[in-house]
Amino acid sequence: MKYQRPKGTADILPGESVKWQYVEATARQIFEAYRFAEIRTPMFESYEVFSRSSGETSDIVTKEMYDFEDKGGRHLALRPEGTAGVVRAFVENKLYGPEFNKPYKVYYMGPMFRYERPQSGRQREFHQIGVEAFGSESPALDVEVIAMALNLLQAFKIGHLKLALNTLGDPESRQAYHEALVNYLKPHFDELSEDSKVRLEKNPLRVLDSKDKKDQAIVKGAPSILDFLTDSAKAHFDEVKQLLGALNIDYVIDPTMVRGLDYYNHTIFEIMTTSPAFGDKEMTVIAGGRYDGLVHELGGPEVSGFGFGCGLERLLLLLNEQVTKQLAKQLAVYVVGIGTGASEATLKMVQAIRQQGFSADRDYLDRKPKAQFKSADRNQAAVVITIGEDEIKNKTAQVKDMATGIQKTLPVATLQQDFQKVYTDFRNSEGK
RNA sequence: GCGGUAUUGGUGAAGUGGUUAACACACCGGUUUGUGGCACCGGCACACGUGGGUUCGAUCCCCACAUACCGCCCCA
């Protein structure tokens, strides 16, 4: 094959795209119930928007960004995640101004790009649905957004959900913990895996997340972030837990959960699920948290933020057949033309029906009636209209209800002027 | 970026160093004249991811590359 799509990208074909439309439409519905409004930001931004927000040393910035110089010498990057661009837009458009509702709540959906090794549910161009809420430090906001994330997944009937919760505390808590963790790990340095030795230098919290057995044994004895929270950080987290309880939302505290992006603090969460699609292993579908310093970091005032990102490809892998089956679009009318002379009449008929708001299709390959009926059947046509020489002569057409097999002869004029009536008449007779 | 597995028609796949690359599904056509199912018959691979090499000869052996999938890193 001469041309192939770039590594890690996908063509979303008809049949697949209906699922995307369904997921996107459902998400919009839910978000709007929570009063989030859509924001659309560019697919690429100035490189610094991402390097500043995600952290200069984060993996995303150092090895996964698609960055390039444009013809004007600007250093740009394809967005690897959604939050940074939204925050930039929030600041640039001064959405923190007094005339806007607080919290300022937005959602987005679209492609993201990360240069990494593709795997199931993980691509170089992938899609996220995400939300951000700015301007409230209330734990109630944390909980509401988490609840919305759960709502989203529940709307798709995805089971085996697990909400994992942790807090990174405020900068003060974080620094104290950072120190304690490093002090704990240093004496074990030689026992750590090669990966973790590097992590200890770059981002010690990552060691907590190691999949290496020996590392995990060491981590077991490590201090917990929860013991290093300042009073206010602890109060925030306690309130979050209490409110989740008030909504009867189950969660598990995972003090070893960390984040790939540097901008998070306080509450962080992940929603995971197990599915055959991921080899029955746990896979994170939604992840998010609080990022109180980020708006300021990107040049805005001290405005807090809370949001999450949802991996669409991963979500799609979880949609079960029951949900997707009912998505097939039914064809209202298939027009069968018999004989070469019928093409004009057939064309006029499909056009007239389409103009009345119904879907209509026909044959374009001069196939025999039997083959045309087969197509009608395959397309799940509700009604077939047949036009042959006799019908043309008499200005009539055969109209057949495919479910019952009942066929009537009707004037062409009726079909072209009031197909709605014909259609509902058929539907009613089916009910009986 | 590292390690592993895979790559045959529209799809699922079988197969061998050597004249015709199984089988099934799908699709198209037919089984007499204008109607959806079933049955039966027939058709359907510029040749086995791409490029090199070994060989008298390779889809089957070797190398490189590409892509997919799995594990690691990381992550949605």
Side-chain angles (χ1 to χ4, degrees), chain A residues 1-10 54 58-65 80-83 109-130 149 153 193-196 198-199 202-203 206 209-212 215 257-261 270-273 277-279 281 283-288 307-318 334-339 341-342 363 365-392 397-407:
Chain A
M1 231 164 305
K2 186 115 186 230
Y3 297 110
Q4 292 179 298
R5 59 181 181 263
K7 187 185 182 116
T9 62
S54 303
S58 68
D59 276 54
I60 286 193
V61 170
T62 56
K63 47 185 245 201
E64 292 179 357
M65 266 218 293
E81 55 98 29
T83 302
M109 41 188 76
M112 308 290 162
F113 306 85
R114 248 119 99 161
Y115 189 86
E116 57 181 349
R117 197 73 170 251
Q119 278 172 35
S120 166
R122 173 191 224 165
Q123 295 168 193
R124 290 187 170 180
E125 181 186 20
F126 63 105
H127 297 75
Q128 279 191 354
I129 293 182
L153 298 182
S193 66
E194 291 309 309
D195 282 330
S196 285
V198 178
R199 291 186 183 113
K202 271 178 62 183
N203 188 350
R206 287 236 150 276
D209 217 18
S210 175
K211 278 170 198 152
D212 185 273
D215 286 354
M257 187 166 75
V258 295
R259 269 293 91 100
L261 286 351
E270 287 186 24
I271 303 176
M272 308 182 258
T273 183
F278 306 126
K281 269 167 290 192
M283 182 63 107
T284 299
V285 192
I286 289 184
F308 68 73
C310 171
L312 255 183
E313 279 80 1
R314 289 183 181 181
L315 181 57
L316 265 318
L317 286 171
L318 295 168
Y334 191 96
V335 180
V336 171
I338 299 165
D363 171 73
L365 303 172
D366 284 329
R367 292 185 306 156
K368 301 178 73 171
K370 179 169 177 150
Q372 295 189 43
F373 266 87
K374 250 179 131 173
S375 293
D377 202 39
R378 223 190 3 254
N379 287 298
Q380 299 181 59
V383 171
V384 168
I385 295 177
T386 308
I387 301 171
E389 280 179 38
D390 294 346
E391 287 79 10
I392 293 174
Q398 305 297 328
V399 184
K400 181 170 184 176
D401 183 325
M402 292 298 273
T404 61
I406 295 168
Q407 183 165 297

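Letters go in sequence order (proteins before strands), and every chain restarts at 1. Predicted model only: the values in this text are computed from it and were never measured.
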Practice task
Whole angstrom is fine here: how far is it from CD in Glu125(A) over to P in rA68(B)?
Solution key: 13 Å
Handout entry: Atom pair distance, as rounded to whole Å: CG in Asp209(A) and P in rA76(B)
Key = 11 Å
Practice task
Just compare rC69(B), rC73(B), rA76(B) and give me whichever is closest to any side-chain atom of Pro118(A).
Solution key: rC69(B)
Exercise for the section: Check whether the side chain of Arg117(A) and the base of rG71(B) form a donor-acceptor pair under 3.5 Å. Expected result: no
Practice task
With heavy atoms under 4.0 Å as the rule, sort Arg206(A) into base, sugar-phosphate or nothing.
Solution key: sugar-phosphate
Exercise for the section: For rG43(B) versus rC25(B), give the span between their C1' atoms, rounded off to a whole number of Å. Expected result: 16 Å
Handout entry: Polar side-chain atom of Glu81(A) near backbone of Met112(A) as donor-acceptor pair, under 3.5 Å
Key = no
Handout entry: Heavy-atom check, side chain of Lys63(A) versus side chain of Tyr115(A), under 4.5 Å
Key = no
Exercise for the section: Using whole Å, report how far CG of Leu365(A) lies from P of rC28(B). Expected result: 9 Å
Handout entry: Separation between the C1' atoms of rA22(B) and rG15(B), rounded to whole Å
Key = 7 Å
Completion exercise
When rounded to whole Å, the CD to C1' distance for the pair Glu116(A) and rG1(B) reads 12 Å
Fill in the blank from the handout: Once base and sugar-phosphate atoms are separated, protein heavy atoms under 4.0 Å mark nucleotides 33-43 of chain B, 5' to 3', with B, S and - as -BBBS------
Practice task
Would you mind classifying the nucleic acid contact of Gly82(A) as base, sugar-phosphate or nothing, using non-hydrogen atoms under 4.0 angstrom?
Solution key: nothing
Practice task
Write down the distance separating the P atoms in rC73(B) and rG10(B), rounded off to the nearest Å.
Solution key: 39 Å
Exercise for the section: Rounded to whole angstrom, note down the C1' distance from rG3(B) over to rA45(B). Expected result: 35 Å
Problem - Atom P, compared across rA21(B) and rA47(B): separation rounded to whole Å - result: 12 Å
Handout entry: Phe373(A) vs Lys400(A) side-chain heavy atoms within contact, under 4.5 Å
Key = yes
Problem - Heavy-atom side-chain contact between Ile338(A) and Val336(A) under 4.5 Å - result: yes
Practice task
Answer with base, sugar-phosphate or nothing: what part of the nucleic acid does Ala287(A) contact at a heavy-atom distance below 4.0 Å?
Solution key: sugar-phosphate
Practice task
First locate atom CD of Gln123(A), then atom CZ of Arg314(A), and finally report the distance between them rounded to the nearest 0.5 Å.
Solution key: 10.5 Å
Practice task
Indicate yes or no for a side-chain donor-acceptor contact from Arg114(A) to the backbone of Glu64(A) under 3.5 Å, with no hydrogens or angles considered.
Solution key: no
Exercise for the section: Starting from P on rA68(B), measure out to CZ on Arg124(A) and report it in whole angstrom. Expected result: 8 Å
Exercise for the section: Taking the side chain as every heavy atom from C-beta outward, state whether Cys310(A) and Leu315(A) have any atom pair closer than 4.5 Å. Expected result: yes
Problem - Arg314(A) (side chain) and rC75(B) (base): donor-acceptor pair under 3.5 Å - result: yes
Practice task
Would you kindly compare Tyr115(A) and Gln119(A) by the position of their nearest RNA chain B nucleotide and give the one closer to the 5′ end?
Solution key: Tyr115(A)
Handout entry: Rounded distance in Å between the C1' positions of rC44(B) and rU11(B)
Key = 14 Å
Exercise for the section: Measure the shortest side-chain to side-chain distance between Asp212(A) and Asp195(A) over non-hydrogen atoms and say whether it is less than 4.5 angstrom. Expected result: no
Practice task
Measure from CZ on Phe126(A) to P on rA76(B) and round the result to the nearest Å.
Solution key: 8 Å
Exercise for the section: Find the distance Ile286(A):CD1 to rC75(B):C1' and express it as a whole number of Å. Expected result: 15 Å
Handout entry: N or O in side chain of Arg199(A) less than 4.0 angstrom from rC73(B) OP1/OP2
Key = yes
Handout entry: Polar side-chain atom of Arg206(A) near backbone of Arg259(A) as donor-acceptor pair, under 3.5 Å
Key = yes
Practice task
Using distance alone, with no hydrogens and no angle criterion, decide if Gln398(A) and Glu391(A) have a side-chain donor and acceptor under 3.5 Å apart.
Solution key: yes
Handout entry: P gap between rU20(B) and rC27(B), integer Å
Key = 31 Å
Exercise for the section: Among the candidates rG29(B), rC75(B), rG1(B), find the nucleotide nearest to the side-chain atoms of Lys211(A). Expected result: rC75(B)
Fill in the blank from the handout: Checking rC27(B), rG29(B), rC72(B) against the side chain of Arg378(A) (C-beta onward), the nearest is rC27(B)
Exercise for the section: With P as the reference atom in both, quote the distance from rU31(B) to rG36(B) in angstrom, rounded to an integer. Expected result: 13 Å
Exercise for the section: Please check if any side-chain donor atom of Ser210(A) sits under 3.5 Å from a side-chain acceptor atom of Asp215(A), or the reverse. Expected result: yes
Practice task
Let me have RNA chain B in dot-bracket notation, would you? Count Watson-Crick plus G-U wobble pairs, both distances under 3.5 Å, and use [ ] for pairs crossing earlier ones and | for inter-strand partners.
Solution key: (((((((..(((.....[....))).(((((.......))))).....(((((..]....))))))))))))....
Exercise for the section: State, with a plain yes or no, whether a side-chain heavy atom of Pro111(A) is found less than 4.5 Å away from one of His127(A). Expected result: yes
Practice task
Quickly work out the Glu313(A) CD to rC69(B) C1' distance and round it to whole Å.
Solution key: 16 Å
Practice task
Assess whether one donor atom and one acceptor atom, taken from the side chain of Gln123(A) and the base of rA68(B), lie less than 3.5 Å apart.
Solution key: no
Exercise for the section: Quick one: pull up OG1 in Thr9(A) and CZ in Phe126(A) and give me the separation to the nearest 0.5 Å. Expected result: 13.5 Å
Fill in the blank from the handout: On a heavy-atom basis, the closest approach of Ser193(A) and Arg199(A) is OG-NH1, 4.5 Å
Distances under 3.5 Å between nitrogen or oxygen atoms of protein and nucleotides 64-66 of chain B:
{"from": "rA66(B)", "atom 1": "O2'", "to": "Gln4(A)", "atom 2": "OE1", "distance (Å)": "2.8"}

